[in-house]
Amino acid sequence: MRYLKLSISLILSVIGLAVYFVTVPQIDEDELVHLTVQAGNEEILDDYSFNGYIYNYSSFSLTNEDILVPANLPYLEMLDAREEMEIMMLKETYPDFVNKLAYGTNTYSYLISADEEYLTSAHFEYQSNVFSEIYSKLQFRALNKETNKIEEDFVTRELGSNIFYASIVGINENYPVVDVLIDTRLSNHSNENFEVSELSLISYNFETKNMTETVLLKTPDYIEPVVYTAVHHNESIQAFRSFDSETSEEVSYLVDYDKDAIIKREAAGERLIVSDDSRLYSIVDTTLVEYDKTSQEKVSAVDLTMDFKENKNMDFAMNELFILDGKLFVLNNNEIEDDSERNQIRPTDLVVYAISTGEILVEGQFTYGGTEQVGAWAASIDQIKQSPTKD
Amino acid sequence: MIELIDVHKKYGRKKVLDGINFTVPKGEISTLIGVNGVGKTTILNHIMNLQPVTKGEILIDGEKHHPGIYDKVSFIPDAAITLPEMRIREAMDFMGSFYETWNKKRAEEMLGFFRLNKDDKIKTLSKGNVAKVNLLLGLALDVDYVLMDEPFSGIDIFTREQISEVFTSYLVENKGVLITTHEINEIEFIVDRAILMDEGKILREFNVEEIRETEGKSIIDIMRDVYSPYSDRISNYEFDKQ
Amino acid sequence: MIKFIRLLEFELGRFLRFLIPAIVLSAVIQFIALFDTITNYNAYLKESLESNVPMQQFSMHDVTGSGLFPVAILIVPLLFVFYSLFTWYREWLGKNTFIYRLLMLPINRMSIFFSKAITFLIGGLLAFLTQFGLYAIIFVIFENAIQPEYFTALNIHNVQPPYEMIQLTLFPTTSFEFLHIYGFAFAALLALFTAILMERSFSVKGAIGGIIYFIAYFVGYFYISALNSIDSMPWIIKPSHIFLMQGAYILLMMVISALISHLLLKNKVRV
């Protein structure tokens with residue numbers, strides 16, 4: 001035959017390509033992350049989105065209606081997807097405001113504060129590689145949702161040359177004032193191993209264009225926020241944890257934006273939670289304690305029942321905790337303990353308590369598929385948020 | 001006719017062709033004569049657009065170069081241009097599938113004439129047989145012009161005679177042929193025109209038979225005249241022992 | 001057109017004489033690695049069962065990650081690199097100068113260029129798909145050789161260890177990525193061909209120019225890819241925009257390479 005090699009090659013190629021793409025696993029999103037409610041009223045979960053990550057595949061955001069898996073989006077959309085679900089939602093509605101932060105080439109370490117009237121943000125804007133210059137230029141932006149106008153102001157801070165790292169870790173807006181918390185790491189030139197962390201509060205007024213800077217805390221140990229999120233909702237207090245190298249114990253701090261102050265909390269083994277209405281709670285062992293508006297006085301203490309319908313291995317010291325709408329959400333992401341279990345990703349347990357009574361409202365479990373489909377080897381949920389109401 | 005108009009070729013600083021003008025008319029056998037390295041092969045390459053000219057024009061039947069030219073002019077270079085792994089018949093098939101002017105019948109005839117076996121792989125052939133294959137592939141095309149570069153180089157005398165026979169046969173009838181060679185005595189009585197070149201220029205272009213009749217001189221005599229200031233160069237050419 | 005297809009068939013035949021042995025060699029090594037891993041594991045399994053040590057899970061990743069396997073996978077790409085130069089230089093160098101015949105064919109000379117290039121395209125697809133078929137075969141053998149409770153099933157599209165260049169670049173899962181990656185490679189091939197033709201037309205000067213052109217192709221691509229990370233761009237560039245720009249660049253470079261090569265083949269190349 002005249003064109004034997006060519007014909008055979010072309011036929012093989014076409015068939016082969018077809019087979020190749022047909023066998024690409026269709027991701028069954030329901031199987032990827034599936035919530036089973038084991039006890040209680042599942043409608044309670046309707047208003048929330050559970051956000052997490054499947055390793056090493058994609059983040060996800062699960063609501064009662066839908067699941068968003070960025071890696072499973074059409075290709076171009078997938079490229080543009082950002083890790084945090086809330087950012088993805090916000091940039092649909094407010095592209096001009098969010099795109100600069102999400103895609104800007106010289107935007108670093110941004111946080112957004114969102115409420116009904118305003119979107120505000122703060123970030124470092126840099127144009128050089130000199131460390132002290134990277135972190136000295138700060139930009140504050142505010143979007144008035146009603147007028148759709150964006151205000152943008154630059155602010156320059158005085159910094160020493162011994163700074164080697166900084167990030168924005170907290171934001172609270174009270175237009176025209178926006179408060180921002182910056183975690184700065186400084187080195188001691190004479191001894192490079194020695195470093196100091198500074199937590200500073202920067203307060204900027206959009207109307208007077210004035211900025212004030214106060215160092216709230218200076219410590220040789222690390223400081224990190226209890227909750228990591230790119231989008232804040234104006235909680236007036238924010239919890240931090242640190243490790244006291246002198247006492248070898250974990251220490252908690254509370255920043256109060258209204259008072260511009262920081263409080264150190266001495267209770268050992270305590271987990272701090274800030275509720276969505278800016279109230280402080282803490283859990284020690286299995287007791288949930290509520291504090292008053294000053295965050296100093298205890299208002300009530302409730303015992304959380306450990307009487308689960310299905311076997312659960314909860315340890316409040318290790319779990320993810322969220323208080324929303326008067327409910328305590330507890331997530332237990334089970335880690336793999338030994339290699340014999342590589343076959344399946346261990347599920348995440350969910351328990352929802354009523355904080356007034358300590359009773360269980362909902363008991364559930366998130367199961368994960370995906371070992372076969374996407375070669376996933378672990379998954380966890382690390383964020384619960386109110387489902388954003390469409391503006 | 002093939003026309004070379006003011007063709008120049010420079011290699012770096014060295015000027016190889018310094019204003020070459022001549023023609024290859026159809027129906028005549030012309031020979032291009034010159035010492036080794038004078039640029040004969042370069043000229044042939046230029047005609048076939050296998051090398052770019054520095055300056056000048058080459059027209060084939062009044063046309064500038066285009067891919068269709070290769071169905072008008074056939075070139076048999078002094079180089080191995082067949083794939084050694086191919087069998088003779090594969091090489092013939094290859095030619096047939098690209099050249100509209102491929103004359104299969106004539107190719108088969110030449111196979112017989114040269115006593116070549118179709119199924120032989122070209123790499124197994126002797127030098128003389130390879131030369132015959134090259135000739136076969138070049139001459140089995142029904143083209144108007146044939147260019148041959150040193151068709152006799154390195155060939156034994158018996159093969160040479162066969163090749164000369166081919167020239168005198170219908171194979172080159174009505175075609176415009178241009179041959180470059182050192183073997184003047186082999187082609188003396190075959191060629192119609194001679195073109196003598198030296199140092200990048202054409203020194204003389206003449207009709208062989210005319211000169212023989214009017215001046216009583218052979219090609220070699222004319223060469224002596226033309227090249228005599230450079231008589232040491234003539235010793236590059238073979239003479240009859242007489 | 002028919003003449004082009006004839007030339008393509010011809011070039012493809014020449015390439016297959018190299019490609020098929022290379023694929024076979026690669027396959028043989030892969031099977032060696034497979035059986036080696038299986039026997040090792042079964043031995044380990046036996047030992048563990050006897051001494052009651054907890055068992056390690058096993059999956060295709062253990063086959064594809066092991067020593068010989070990546071070597072086998074590299075054989076064919078290496079052949080491609082070699083042949084991308086050889087396919088041209090073989091016409092000039094060595095005992096025969098087939099370039100004469102190619103240049104004297106009564107066809108547009110770009111047919112030579114494209115027949116060589118598309119040979120790579122087809123050869124590439126064949127290599128890609130035979131490897132995929134090999135994965136399937138290895139997969140089946142493997143599944144049957146290891147007891148199921150110790151075996152983590154994977155989809156064929158995930159068999160290379162994650163994070164590794166091989167899975168991500170050679171076996172993409174979306175058609176966008178596929179076109180992009182193989183488009184990038186094809187445009188690079190055309191740029192290389194152009195560089196080779198420059199060298200064949202202008203010797204040393206051409207070689208230098210060709211190398212610069214070839215490198216410039218990559219520099220241009222990586223510059224576009226890095227637009228996101230260069231500081232102080234006055235505009236917002238989304239990753240999807242970068243992807244589209246890369247695609248446009250690839251197409252543009254294909255066209256430019258073809259145009260330059262066309263001019264060289266028509267006017268400047270020498271036997």
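Side chains included, hydrogens not; waters and symmetry mates left out as well; all remaining heavy atoms used. So that the names make sense, note that chain A is the first sequence line, chain B the second, and so on, each numbered from 1. Fair warning: this is a prediction, and the values are worked out from it, not measured in the lab.
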S.K.: Would you say the rings of C:Phe80 and C:Phe15 are close, in the sense that their centroids are separated by under 6.0 Å?
M.R.: yes

S.K.: Side chain, backbone, both or neither: which part of C:Ile242 has an atom under 4.5 Å from a heavy atom of chain A?
M.R.: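 For C:Ile242, no heavy atom lies under 4.5 Å from chain A.
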
S.K.: Under 4.5 Å heavy-atom distance to chain C, tell me which part of A:Ile15 shows up: side chain, backbone, both or neither.
M.R.: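 Answer is neither: A:Ile15 stays 4.5 Å or more from chain C.
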
S.K.: Please classify the contact of C:Phe10 with chain A as side chain, backbone, both or neither, using a heavy-atom distance under 4.5 Å.
M.R.: neither

S.K.: Any Lys/Arg nitrogen of A:Lys5 or C:Glu11 sitting under 4.0 Å from an Asp/Glu carboxylate oxygen of the other?
M.R.: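 No, this pair does not count.
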
S.K.: Pick one of side chain, backbone, both or neither for C:Ile2, based on which atoms fall under 4.5 Å of a heavy atom in chain A.
M.R.: both

S.K.: Find out whether the Lys NZ or Arg CZ of A:Lys137 is both under 6.0 angstrom from the six-membered ring centre of A:Phe124 and within 45° of the ring's axis.
M.R.: no

S.K.: Would you verify whether the NZ or CZ of A:Arg141 falls within 45 degrees of the ring axis of A:Phe97 while also being under 6.0 Å from that six-membered ring's centre?
M.R.: yes

